[in-house]
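First the proteins, then the strands, lettered A, B, ... as listed; each starts at 1.
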Amino acid sequence: MLTERVHKFGPDDSLLGIVTLPPRPLLEASAERPFILLLNSGIVHRVGPFGMAVRLARDLAARGYRVLRFDQTGLGDSLPSRGAPISLAKQIVMDGRAAMDFLTTRYEAPGFVVGGLCTGALNAHRICLADERVVGMWMLDGYAYPTRWYYHREVIARRIRAQVSKPISLSEVRRLATRAKEKLVELRAPPPSKAPAGEEDRRTIFYQDWPAIADARSEIEQMLARGVRALFVYTAGWSSFVDARQFDEMFPRLERRDQISVVYYPRADHTYLALEDRDAMFRDVGTFLGTVKPSSTSLLQKKVPS
Amino acid sequence: MTALYFGDSESPLFGVWSQPSNGKDRDHGVVLCPPIAQEHVRTHWALRQVASALCRAGFHTFRFDWFGVGDSAGDLQDATIARWKEDLVGAAQELRDAAGVAAISLVGVRLGATVAALASEEVRPSSIVLWDPVVRGRDYLAGLGAMTRSLLTDPTRFWNVEPSRIAPRAHLVGFDFGEALFSEIERVELAPPAAISRVPVCLLRSSEDPSLTELGASLRDSRPDVTIRDTDLRSHWTNAEYIEEMLLPGDALRALTSFLEGQAL
């Protein structure tokens, strides 16, 4: 039987989360495995869209993992911040660290894997980047930067959806190709300058402030160099990502690419309305976790001569 | 705010007890009975705000999740109406034990309101607020089924819409109700209002569901003292476009708080 416990942690015990523990036969072995952190999706409280986080936590616990799903500051049953206003990006890193500090003390967690959907994916990226205790990360509909493949697919799909009976003329093909090239030039342009001070605080919690593609690549490489393993799961409900091949177009010739798995579900929507799509994702996350080493051993550290 | 698991250790329920926060203690507790499934997800924030408002008004509150719902143990498809009635009896007792209050009122939303009404003989509340209760289970399930079909064929949701994709009838808006629970809910009838015990009742309507109009008329006929409040808030329970929108309580908050304050003078 699974065990679930409610915990408060963080500054003034302001954060609330539920720990799900494996059944007794798997409990001892689970202490050697990384602890799983499930993050909020948008403003949905810790149960997740359509209760997905509860099902996933219990599924992973049944596979022998200890899981914490918690509400970040100001969401669900966690309290709003009482300190000086800080950016959402900084706040989620502080929340993630508070969760890991608590789990290290209370459960002697040997390392962590962070997972999330949508804004949860972005926050998983932030926490993983900021804290070396994180040894694995999965993102559900995470980084998605348009590429040639994306525009190719978008153009074709638009034609099909428009149900145009006449064939596409050569001039139209040229026009669309020109448009795609222009888009690519835009993509290769330097990222826009940072938002003015204070602007980030005004952004809504829905806003996803993904790093520019070059920054994302650099940050992924930093994490991979640390030994982090990552799973990127995409759905067809995420309009900026259209095919598993798009990942390698976004990040070509990535160093340590073998530490990354990419899965694309062409039938699924963004929040996994259909139960069979959700079950497939759970299986892939479970399989991925089997590849993650329990504690962080930095590859960079290994290179340092003794 | 105290979050806890309570009840049977084999299948514990999640609850949150909050105490009066404004220096005034009415010696009165309110148990908040949430909806189930995706309506539960949608209303979590609203019910937290309701609890906060009631605490500021001097009430103790207890929010909890039914068996198979939210953070409580179990799978939805293993739940029964009888189990949920027991859950509510246990939640009310938990609040009585924790807060030592003399009186308990119930606030239920959607199917949570229906179960609260059905369990009112056992719980013996001093008053009850029914917020858009499910009047006929078969209509409720039909509404969820229609939304599910609409969502599964929504081209803005699925890039690759498969017109032939059909979910089993008990898979409703991302949740597996299971055949047994589906059949049981199908038989739920809140009317006639005699099912609601003889305590002050407030019917809070934030939906234009005709069955709520009928229920209001029926309650007025049999219970001249019934309070009926129609809110400006529109909850859109059966509109697929709102299925992932978090509900904010709007003027429902003031309506139910003022009703309960009137009952706990």
> Which atoms form the tightest heavy-atom contact between A:Pro49 and B:Glu244, and what is the distance?
Replying inline: CB-OE1, 4.1 Å
>> Which atoms of A:Val47 are under 4.5 Å from chain B, going by heavy atoms: the side chain, the backbone, both sets, or neither?
In response: side chain
> For A:Leu2, is it the side chain, the backbone, both, or neither that has a heavy atom closer than 4.5 Å to a heavy atom of chain B?
Replying inline: neither
> In terms of heavy-atom contacts, does CD of B:Glu241 have more than 12 from other residues, nucleotides or ligands at under 6.0 Å?
Replying inline: no
> When rounded to the nearest 0.5 angstrom, what is the spacing between CD in A:Glu276 and CZ in B:Arg165?
Replying inline: 4.5 Å
> If you check every heavy atom in residues 62-71 of chain B against those of chain A, which residues fall under 4.5 Å?
Replying inline: B:Arg63, B:Gly70, B:Asp71
> For B:Phe158 and A:Arg267, which heavy atoms make the closest approach, and how far apart are they?
Replying inline: CD2-O, 3.2 Å
>> Using a 6.0 Å cut-off, check whether atom OH of A:Tyr107 has over 12 heavy atoms from anything other than its own residue.
In response: yes
> With a 4.0 Å cut-off, would you call B:Asp176 and A:Arg55 a salt bridge?
Replying inline: no
> Distance from A:Asp269 atom CG to B:Leu152 atom CG, nearest 0.5 Å?
Replying inline: 8.0 Å
> What residues of residues 36-54 of chain B sit under 4.5 Å from chain A when only non-hydrogen atoms are counted?
Replying inline: B:Gln38, B:His40, B:Val41, B:His44, B:Trp45, B:Arg48
> Rounded to the nearest 0.5 Å, how far does CG of A:Leu275 lie from CZ of B:Phe175?
Replying inline: 9.0 Å
> When you measure from the side chain of A:Arg58 to the backbone N and O of B:Gly74, does any donor-acceptor pair fall under 3.5 Å?
Replying inline: yes
> Can A:Ile18 and B:Tyr5 be said to form a side chain to side chain contact (heavy atoms under 4.5 Å, CB included), step by step?
Replying inline: CA-CA 10 Å; A:Ile18 307 288; B:Tyr5 278 101; 3.4 Å; yes
>> Between A:Arg278 and B:Gly174 (side chain of the first, backbone of the second, donor and acceptor by atom type, cut-off under 3.5 Å), is there such a pair?
In response: yes
> Side chain, backbone, both or neither: which part of B:Ala167 has an atom under 4.5 Å from a heavy atom of chain A?
Replying inline: neither
> Roughly how far, to the nearest 0.5 Å, is the CG atom of A:Asp77 from the CE atom of B:Met1?
Replying inline: 4.5 Å
>> Does any backbone or side-chain atom of A:Ala53 lie under 4.5 Å from a heavy atom of chain B? Answer side chain, backbone, both or neither.
In response: neither
> Where does A:Leu16 contact chain B at under 4.5 Å (heavy atoms): side chain, backbone, both or neither?
Replying inline: side chain
